[in-house]
Visitor: 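Right, I'll just put the structure down here and ask away after.
A quick note: this is a predicted structure, and the numbers were derived from the prediction, not measured.
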Amino acid sequence: MLESLIRQAFKAPLEKLGIYEEDLAITLEKPRDRGHGDLSTSVALMLAKRLGRKPRELAGELAAGLELDRDLVESVEIAGPGFINFRFARNYQIERMLAVWSGDALAEIKTGGGKRINVEFISANPTGPLNVVSARAGAFGMTLCRLLDAVGFDAHSEYYVNDAGRQVNLLGASLRAQFLQLRGRQVSVPENGYEGRYVEIMAAELLEQDALAVQAAAKAFDNESFQRVSAPSGNADDWCALPEADSIRSFAKYALMKILAWQRETCKRFGLRFDTWYFESELHETKRVERTLETLRKNDAVFEAEGALWFRSTAYGDEKDRVLIRADGQATYFLADLAYHHHKFQRGFECAIDYWGPDHHGYIQRMQGGMRALGVPAGWLEVEILQHVTFLEEGRPINMSKRKGQFVTMDALIDEVGADVAKFIFLTRKPNSHLEFDLDLAKAQSNENPVYYVQYAHARICSVLSKAGEAGLVLREPTAAALQLLDHEAEWSLMRELIRLPQVIVAAAQAREPHRLTSYVLELAALYHQFYQQCKIVDPEDQRRSESRLMLCQATRRVVATALALIGVDAPERMQEKE
RNA sequence: GCGCCCGUAGCUCAGCUGGAUAGAGCAGUGGACUUCUAAUCCACAGGUCGCAGGUUCGAGUCCUGCCGGGCGUGCCA
């Protein structure tokens, strides 16, 4: 890379001044203002004080001592208080663009060495359909996985299913009550039970199903190898005849199966694919919970008090100690979560990234404390908090509560605005800031919708390319000789943006900020639209110029498509008719 | 009370890890289709980056303290 060449070039002049140090950071950045070149460094400013010299003077001396290939760097200038600005030679930019085109530039950034990284997201309780909050997590998690893969890691997407807790039982009891009501019995839904429409739907469905139908449903479900999930034998009326606890368990088992099937189907519709669905019940059955507890004990991180067993999380910066085993002998969710992440670590991941909802941020301290107590290196577990999404309809926020069944489901969101629009809008904001999602705006297929802006750029290119064919022009693979003919500012602005793709991917992956991709592709689309406006691409009168411009179009198309693929959004060849 | 997140144009938000004159979109005003898709483009207007200190050659960005908003703070899940 040119950056490292420039850094190396500083060695000679710095040594001459007797201030060369091995670990001296020579920061190079892309100036905001084009007038300041393509790369800029402030080393002179930083060193000036230490040396007691005037920054500009020092910058001049450093710049004079730089030996750089004119074919790569066109000019070196001193500017402002003492910046040294570099302007790339056109040949260098062309070379980079060809590398992007050929894929070499994307191969260069695969530096992860195939190390496995676990990315856990959504992990919603299996007690109802997925809601829109999960959609935001899905967009981030899946895109981060693709970004990590793009930089050479082996990302592993994972969904944790809390199937062992009290909530699933409560769901079973709620379903049972609804079913019995339909059978004309006077049974009330338990306190804090689930009352959403989806429970009614399940109950109504059970009314019609005999034992064979139940098994058939289970079989269909098992097709996709969820070995831990199966249907209870018999049908709903048989389950009602069982003692209450067993009866509830049967309904719960059935409900779990149904809901997971919905959740999985919804994820699929949203383009989410999970390598692993990890079931909490497995942790208990394989005694991992006990073993994790043993490790904590061995590491002297637990103590007994008030009849319960506690984790000494205050020793790890938490504000108070936390219960692991309640006085009634039950393990807390915290302990199960520790066991789960302990196992994640043991499974050999380089690091683990979790996306959590905003209501869990108070949980980070104790979780990371727990991991350290288990001997996991600090920083191994990274937690990204996704802030709330407020959905607006007719300018008013929609309130959401899962228990009452009043919430916008992820399916409804996909139905109304489409998966692509939803994903893109989620990824226009950074994860830890609140997001206001205007449903009417997203639905309106208008120019206010950023997704169409980008997709339109792609469709426009496709259209131009096909028009070129009709005009008798030939689409050729980009070559340096042809690209050298480009001389319009709009063409070079576009090219400069095109060659940024690899570094944007690297930065987005490293910072765990997938939203940088949407910013990038929006900017790229804007530059293409400007180029289109200012430059006549298909011009039979000037074939050579047309061919060069068509190469730029092809490269832009490829980069837009690559960026959209990372975001998980379709790159259409033509836009659908506007209504 | 304590902890976390947020506060940037009328509205919704970027701001590339501390750089030079703070940027988009929408809304507003005015322009550009006999032309490769006008779902586009151009121009104008819009700012005390919540407030006050501090660190630094340099702060929207880092630190401290206030103010305002959101969330959390269970032997709940």
Visitor: Do the ring centers of A/Y316 and A/F311 come within less than 6.0 Å of each other?
Guide: yes

Visitor: Strictly below 4.0 Å: does A/Y532 bring a side-chain N or O up to OP1 or OP2 of B/A38?
Guide: yes

Visitor: Could you list by number each residue of residues 497-512 of chain A showing a heavy-atom separation from RNA chain B of less than 4.0 Å, or answer none if no residue does?
Guide: A/R500, A/A511

Visitor: Does a nitrogen or oxygen in the side chain of A/T27 sit under 4.0 Å from OP1 or OP2 of B/U17?
Guide: no

Visitor: Does the ring centre of A/F140 sit less than 6.0 Å away from the ring centre of A/F121?
Guide: no

Visitor: Run the salt bridge (Lys or Arg N to Asp or Glu O under 4.0 Å) test against A/R429 and tell me which residues pass, sequence neighbours left out.
Guide: none

Visitor: Kindly write out the residues that satisfy salt bridge (Lys or Arg N to Asp or Glu O under 4.0 Å) with A/R574, not counting sequence neighbours, or none if the list is empty.
Guide: none

Visitor: Check whether A/E491 reaches the backbone of A/H488 with its side chain - one donor and one acceptor, N or O, closer than 3.5 Å.
Guide: yes

Visitor: State which residues pass salt bridge (Lys or Arg N to Asp or Glu O under 4.0 Å) with A/E573; sequence neighbours excluded, sorted by chain then number.
Guide: A/R557

Visitor: So what does A/C553 touch, heavy atoms closer than 4.0 Å: a base, only the sugar-phosphate, or nothing?
Guide: nothing

Visitor: Could you note down all residue pairs passing salt bridge (charged side-chain N to carboxylate O under 4.0 Å, His left out) where residues 514-532 of chain A supplies at least one of them, sequence neighbours left out?
Guide: A/E513-A/R516

Visitor: Counting distance only, does the side-chain N/O of A/R56 pair as donor-acceptor with the main-chain N or O of A/G80 below 3.5 Å?
Guide: yes

Visitor: Testing A/D321, A/L324, A/I325, A/L335 one by one against A/V302 for a side-chain contact (heavy atoms from CB on, under 4.5 Å), which residue passes?
Guide: A/L324

Visitor: Give one of base, sugar-phosphate or nothing for A/P358, where a contact means two heavy atoms less than 4.0 Å apart.
Guide: sugar-phosphate

Visitor: Within the modelled atom types, does a donor on one side and an acceptor on the other bring the side chain of A/N85 and the base of B/A20 under 3.5 Å apart?
Guide: yes

Visitor: List RNA chain B stems (3 or more consecutive Watson-Crick/G-U pairs, under 3.5 Å)?
Guide: B:1-7 with B:67-73, B:10-13 with B:23-26, B:28-32 with B:40-44, B:50-54 with B:62-66

Visitor: What's A/A48 touching, base or sugar-phosphate or nothing? Going by heavy atoms closer than 4.0 Å.
Guide: nothing

Visitor: Could you tell me whether A/D337 contacts a base, only the sugar-phosphate backbone, or nothing, with contacts defined as non-hydrogen atoms closer than 4.0 Å?
Guide: nothing

Visitor: Got a sec, which residues hit side chain to side chain donor-acceptor pair (under 3.5 Å) with A/T41, two or more places apart in sequence or on another chain?
Guide: none

Visitor: Check ring pair (Phe, Tyr, Trp, His ring centres under 6.0 Å) between A/H529 and all other residues, then give those that pass, not counting sequence neighbours.
Guide: A/Y453, A/Y456

Visitor: Looking across every strand, which nucleic acid part, if any, lies under 4.0 Å from A/K430 by heavy atom: base, sugar-phosphate, or nothing?
Guide: sugar-phosphate

Visitor: Do A/Y160 and A/F279 have ring centres separated by under 6.0 Å?
Guide: no

Visitor: Determine whether the side chains of A/E497 and A/Y520 contain a donor N or O and an acceptor N or O closer than 3.5 Å.
Guide: no

Visitor: Please answer whether B/A20 and A/F83 are stacked, defined here as ring centres separated by less than 5.5 Å and planes angled under 30°.
Guide: yes

Visitor: Nearest-Å distance, CD (A/E436) to C1' (B/C13)?
Guide: 10 Å

Visitor: May I ask you to say what A/E306 touches in the nucleic acid, namely base, sugar-phosphate or nothing, with a heavy-atom cut-off under 4.0 Å?
Guide: base

Visitor: According to a strict under-4.0 Å criterion, is A/Q530 in side-chain N/O contact with OP1 or OP2 of B/C42?
Guide: yes

Visitor: Select base, sugar-phosphate, or nothing to describe what A/Y363 touches, counting heavy atoms under 4.0 Å on all strands.
Guide: base

Visitor: Can a donor-acceptor pair under 3.5 Å be found between the side-chain atoms of A/H529 and the base atoms of B/A38?
Guide: no

Visitor: With sequence neighbours excluded, tell me which residues meet salt bridge (Lys or Arg N to Asp or Glu O under 4.0 Å) with A/E120.
Guide: A/K344

Visitor: Heavy atoms under 4.0 Å, any strand shown: does A/H361 hit a base, just sugar-phosphate, or nothing?
Guide: base

Visitor: Name the orientation class of the two ring planes belonging to A/Y363 and A/H360 (parallel below 30°, tilted from 30 to 60°, perpendicular beyond 60°).
Guide: perpendicular

Visitor: State whether A/R516 places a side-chain N or O below 4.0 Å from either non-bridging phosphate oxygen (OP1 or OP2) of B/C16.
Guide: no

Visitor: Which whole-number value in Å describes the distance from A/D359 CG to B/G72 C1'?
Guide: 8 Å

Visitor: Do any side-chain nitrogens or oxygens of A/N432 fall under 4.0 Å of OP1 or OP2 in B/C6?
Guide: yes

Visitor: I need the OH-C1' distance between A/Y520 and B/A24, as an integer number of Å.
Guide: 17 Å

Visitor: At under 4.0 Å between heavy atoms, what does A/H515 touch on the DNA or RNA strands: base, sugar-phosphate, or nothing?
Guide: sugar-phosphate

Visitor: At 4.0 Å (heavy atoms only), tell me whether A/Q534 reaches a base, stays on the sugar-phosphate, or touches nothing.
Guide: nothing

Visitor: Applying a 4.0 Å non-hydrogen cut-off, can you work out what A/S463 is touching in the nucleic acid: base, sugar-phosphate, or nothing?
Guide: base

Visitor: Distances under 3.5 Å between protein N/O atoms and the N/O atoms of nucleotides 43-47 of chain B, please, pair by pair.
Guide:
none

Visitor: I'd like a table of donor-acceptor pairs (distance under 3.5 Å, sequence neighbours excluded) in which one partner is a side-chain atom from residues 534-541 of chain A, with atom names and distances.
Guide:
unit_1: A/D539; atom_1: OD1; unit_2: A/E541; atom_2: N; d: 3.0

Visitor: Verify the contact: side-chain N or O of A/R326 to OP1 or OP2 of B/A77, cut-off strictly under 4.0 Å; return yes or no.
Guide: yes

Visitor: Can you pull every protein N or O that's under 3.5 Å from an N or O on nucleotides 57-60 of chain B?
Guide:
unit_1: B/C57; atom_1: OP1; unit_2: A/K49; atom_2: NZ; d: 2.9
unit_1: B/C57; atom_1: OP2; unit_2: A/K49; atom_2: NZ; d: 2.9

Visitor: Nearest of B/C75, B/C13, B/A20 to any side-chain atom of A/V323?
Guide: B/C75

